[in-house]
Amino acid sequence: MQKIKVFNTLTGKKETFVPLQGNKVSIYTCGPTVYDSSHLGHARMAIVWDVVQRYLRFAGYDVTFVRNITDVDDKIINKANALGVRPEQVARRYIFEFWRDMAALNVAPPDVEPRATEFLSQMIQFIEGLIAKGHAYAVDGDVYFDEASFENYGRLARKQLDELRSGAREQVLSQDELAKRKRHPADFALWKGVAEGQTGWQSPWGLGRPGWHIECSTMIKAALGETIDIHAGGEDLIFPHHENEIAQSEALHDKPLARYWLHNSFVNVNKEKMAKSLGNFKTIAEMLAVYSGDTIRLMMLQTHYRKPIDFSADALDSARQALTRLVRAAAFSIRPVSTAFAPYEFDAAEAAKFADDEVLAAFHDSFVTAMNNDFNAAEAVAHLFALSDKVMASEDVIRRAAWSDALREYAGLLGLTLADTRQELDAQTASRVMDAVVAIRQDARGRKDFALSDQIRDKLALAGVNVNDTKGGATWEKK
RNA sequence: GGCGGCAUAGCCAAGUGGUAAGGCAAGGGUCUGCAAAACCUUCACCCCCAGUUCAAAUCUGGGUGCCGCCUCCA
């Protein structure tokens, strides 16, 4: 078993990863709120935890990876109201879009993908449990978590409850109604009452909707249990989202929610966080129209996951260029390219063969050493380039193929397909190529070189394209 | 204001005590009708100041600049 070090936000240190039970590893990450298209920031999050999940399986762990879908949310409801459709329709549309984006980025689907709407009764039970233990209180159809009743509040984000007070009070002043209801300004909603006719569910406190944080606590419990190994997400979720999850779950269960808290940094634009609210985002679909999933992934992985990435076309162009070199080297592999949208599995039997080759044994060691150090994919990628150099420089056909196989296998561990698309023409390129051929033929005709122009037309016909000479010039069409 | 983080070549970036991975770009060379690819090759005293140490990009203190969280947010 590999000795993997991970940076734990809870302690602020790198720690040796030890699962709770043997080699079983439970991971939960907060998935998308499906009210709009996903942008590159979401792509980074998905890619980072996809790689972690893949690497842990590679390292021999029996991983259960859970990523939820938040399909109950004010933003979804607002959008549905604006469009005059039902909230489920908004959610469904963006769930499909999210899945499509993930597939294009070769992000393996999670083992379990719970949706908030499937867990309403469990959430209500969870809240009832908190009230019974004196950690929550109901007021006029709302239920709030009583932060003063949970002494560890603020431990993850390193915040003191009294420090929060000043900031929170300003919020509350503008919301008099809330101020009257809450015991402490920083208390957060577990359940929010809504008026008849609005989107909501029946509960002991009347019609209402769950608060944002309770769904994750509830789904973690349902899918993985009361204590999980790894809880991961974007660093902006540390506070208040993850802090509140801890408060809810630990207040109810009296045991740690997660042993390791891992957080990824952002994608920035001009050194500012890419965010919906700032309007500086690029959607995944927009970028996929220009760059391949592999290119986007390589760009993301060349920076360590806890460091911000400044987004730029330059960075993507650079990654595309670099990727081409890996693809060329991987093309010597005789192994099939797998781009199936399926849970990742490392081919251990195949990899065992690599150990007989000293070049590959050394490569394996350096790759694993890099990844064991808090998933340093940037360094691991550097080793891929070193291996691809060896492939390209080798004249031993047998070894070259073996090295290329390994390149593809380990790249796959990082989620890179290295699919060779160098000779796949998109419609636009094909059209330009035809224009070029037709122009050359026109030149030949201009010189009355009919032997050449007829040869071009015949060969194109064999290739499935008819050229038609008209008064306005030559046109072409597929047969 | 409180808390946390970052500062490495033209650009991006890894590296937590022993004298700087990798990618992009650029220059030289081999090959080549030309070009591309490939191969060989060149390119950094690590923001500033002080300190600890035989030894610091790496540790400590101070400074400067930038970012994130404290409100929805990956």
Side-chain angles (χ1 to χ4, degrees), chain A residues 7 9 12-14 29-33 35-36 38-49 67 70 73-75 78 98 154 156-168 170-172 174-175 186 188 212 232-243 263-268 270-278 281 284 298-326 328-329 331 366 369-370 373-374 376-395 422:
Chain A
F7 184 87
T9 306
K13 290 177 189 154
K14 270 190 203 171
T29 73
C30 298
T33 300
Y35 74 102
D36 203 352
S38 299
H39 58 64
L40 284 179
H42 304 106
R44 184 178 193 191
M45 182 213 75
I47 288 168
V48 163
W49 305 121
R67 184 182 62 212
T70 299
D73 179 84
D74 287 354
K75 288 192 287 266
N78 292 341
F98 178 72
L156 181 71
R158 293 182 178 69
K159 291 180 189 301
Q160 302 293 324
L161 195 50
D162 52 358
E163 285 171 357
L164 294 171
R165 194 169 297 178
S166 58
E170 287 174 36
Q171 284 294 314
V172 172
S174 62
Q175 299 175 52
F188 58 92
W212 175 33
E235 67 181 0
D236 51 351
L237 295 183
I238 294 171
F239 194 91
H241 187 52
H242 291 161
E243 192 70 57
H263 292 96
N264 64 281
S265 186
F266 304 122
V267 174
N268 293 162
N270 295 326
K271 300 201 170 180
E272 248 187 355
K273 175 181 165 184
M274 178 179 286
K276 282 278 159 56
S277 53
L278 293 170
F281 60 91
I284 295 173
L298 182 60
M299 188 272 275
M300 300 281 187
L301 294 182
Q302 281 184 293
T303 301
H304 186 87
Y305 77 90
R306 286 191 287 111
K307 290 264 188 77
I309 295 177
D310 211 42
F311 166 81
S312 69
D314 270 1
L316 281 163
D317 288 341
S318 164
R320 176 163 58 190
Q321 205 52 40
L323 179 69
T324 303
R325 286 183 46 213
L326 295 179
R328 285 192 182 109
S366 48
T369 300
N373 182 17
D374 197 23
N376 192 335
E379 195 185 323
V381 165
H383 297 310
L384 291 183
F385 281 103
L387 182 58
S388 85
D389 283 347
K390 285 205 160 60
V391 169
M392 297 308 292
S394 172
E395 290 179 1
R422 289 174 296 167

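Reminder, nothing fancy here: chain letters follow the sequence lines and each chain counts from 1.
- Shown here, B:rG1 forms a base pair with B:rC70; the pair counts as Watson-Crick or G-U wobble because both key distances fall under 3.5 Å.
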Once base and sugar-phosphate atoms are separated, protein heavy atoms under 4.0 Å mark nucleotides 8-18 of chain B, 5' to 3', with B, S and - as -----SSS---
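- In plain terms, the two heavy atoms of A:Q302 and A:A378 that are nearest each other are O-CB, 3.5 Å.
- Looking only at side-chain heavy atoms (C-beta outward), A:R328 and A:T324 come within less than 4.5 Å of each other.
- Using cut-offs of 30° and 60° on the angle between ring planes, the pair A:H242 and A:H263 is tilted.
- Within the 4.0 angstrom heavy-atom criterion, no nucleotide atom of any strand lies near A:A370.
- The partner of B:rA7 is B:rU64, by the rule that a Watson-Crick or G-U pair needs both atom distances under 3.5 Å.
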Atom pairs under 3.5 Å: protein N/O with N/O of nucleotides 35-38 of chain B:
from   : atom 1 : to     : atom 2 : distance (Å)
B:rA37 : O3'    : A:R328 : NH1    : 3.2
B:rA38 : OP1    : A:R328 : NH1    : 3.4

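- Base-pair partner of B:rA21: not found among the strands shown (Watson-Crick or G-U wobble, both distances under 3.5 Å).
- When distances run from any side-chain atom of A:A382 to the nucleotides B:rA21, B:rG4, B:rG68, the shortest one goes to B:rA21.
- Within the nucleic acid shown, A:G41 comes within 4.0 Å of at least one base atom, counting heavy atoms only.
- Closest approach to the A:P240 side chain among B:rC70, B:rG4, B:rA74 is made by B:rC70 (side chain taken as heavy atoms from C-beta onward).
- The base-pairing partner of B:rA57, taking Watson-Crick or G-U wobble contacts with both distances under 3.5 Å, does not exist among the strands shown.
- One interatomic measurement links the two molecules: CG of A:L237 to P of B:rU71, which rounds to 14 Å at whole-angstrom precision.
- When the nucleotides B:rC24, B:rC70, B:rG68 are ranked by their closest atom to the side chain of A:A322, B:rC24 comes out on top.
- When both pairing distances are held under 3.5 Å, B:rA38 makes a Watson-Crick or G-U pair with B:rU30.
- The phosphate of B:rC6 has neither OP1 nor OP2 within less than 4.0 Å of any side-chain N or O from A:K271.
- For the residue pair A:D74 / A:Y35, no side-chain donor-acceptor distance below 3.5 Å is found, with atom types taken as modelled.
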